[in-house]
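Some notes on the structure that comes next.
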Amino acid sequence: MKPQRNYITSFSNPKVKWVAGLKEKRNRDEEKKFFIEGYREIKKALTGNQSSPIPCLPISITSLFISPECFLGENEESLIESIRCPVFELPRKIFEKISYRDRPDGLIAVADTPSAEVPWKKIQSIDTNPILIIEGVEKPGNLGTILRTAEGAGVGLVIVTDPRIDLFNPNVVRASTGTIFTLPVYIGDLTEVLIELQKQGYKRYAVTPEGKTLYTSVNLKEKSVFLFGSEQYGLSSLAKELADTTLYLPMLGEADSLNLAMSCGIVLYESIRQRSK
């Protein structure tokens, strides 16, 4: 049975203003909702990652806003039918107002904001390699790109500590291409997380321009945790003190550091190279 559709034809409709308002953090916090835009992203939110030994964030979609005029493929209708929630259909011009994209594909889902605190009770025994910790990340697009890279590199768990951004910022969802829903991503306290992972046999590597060891010179086949800091300030003194080893990437030009997401990608794919031998 197809879900009943509610048709919106006015820019002044309260639902239009409400969903557009979720672009702002204060509204997401107040409503305890966030929005997921795009066919690919919504599908990943629905399916998650059933094979992950660590649970992904549980996503519950509560309403769906669509504009068939914007659809790009042939599978949108089957996706819509698979979601049991109120559906609001809008003409292109109104949909473009609520969209976060320059070229929307006609699908926006609104979901309950899940708790993102590390569920230690559910993951008391961690046996995945590597793990990624991002401290104080400031740019949503960077975090989304890091998550996309981390999933591609086989990371089993990402923990964000001291975040300066909202984990459910639309830019995080977009830049991650929905991998925030298929990769276990949580928020945790830096000290607690590093002590817990040390107990579970992980080597903790802080990646920083002041590092003492070249990143290719350590054995990354063992259980590894990589720590990266914010774009502006890098890792805190505490993060570097708690790490077992500090790593650096060689810089041969005038620039003193790389983009955060790029640095993560280089180190994570070195981990793949070593583990695949």
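No hydrogens, no waters, no symmetry mates; every other heavy atom, side chains included, goes into these values. Numbering starts at 1 and runs along the sequence shown. Here the structure is a predicted model, which means the values were calculated and not measured.
- The salt bridge (Lys or Arg N to Asp or Glu O under 4.0 Å) test with D166 is passed by exactly one of R28, K139, K25: R28.
- Closest heavy-atom contact between E135 and S236: OE2-OG, 2.7 Å.
- Salt bridge annotation for E77-R5: present, with a cationic side-chain nitrogen under 4.0 angstrom from a carboxylate oxygen.
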Trace of the side-chain hydrogen bond (donor to acceptor under 3.5 Å, both in side chains) decision for E89 with N6:
CA-CA 6 Å; E89 184 171 320; N6 305 279; over 6 Å; no
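- A 6.0 Å sphere centred on OH of Y233 holds no more than 12 heavy atoms belonging to other residues, nucleotides or ligands.
- Ring geometry for Y100 against F35 counts as perpendicular: the plane angle is over 60°, on a 0 to 90° scale with 30° as the lower cut.
- Checked for salt-bridge contact, R101 and E96 miss the test: no charged N lies under 4.0 Å from a carboxylate O.
- Under the 3.5 Å distance criterion, the side-chain polar atoms of D162 are left unmatched by any main-chain donor or acceptor of G136.
- For E76 (side chain) and F71 (main-chain N/O), no donor-acceptor pair under 3.5 Å exists by modelled atom type.
- Side-chain contact annotation: E69 with S67, donor-acceptor N/O pair under 3.5 Å absent.
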S115 vs E117, test: side-chain hydrogen bond (donor to acceptor under 3.5 Å, both in side chains). Steps then yes/no.
CA-CA 6 Å; S115 171; E117 295 299 316; over 6 Å; no
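- N49 and S51 share a side-chain donor-acceptor pair at under 3.5 Å.
- Salt bridge annotation for R204-D244: present, with a cationic side-chain nitrogen under 4.0 angstrom from a carboxylate oxygen.
- The shortest heavy-atom contact between R275 and N129 is CD-ND2, 3.4 Å.
- The pair E270-R273 meets the salt-bridge criterion, since a charged nitrogen lies less than 4.0 angstrom from a carboxylate oxygen.
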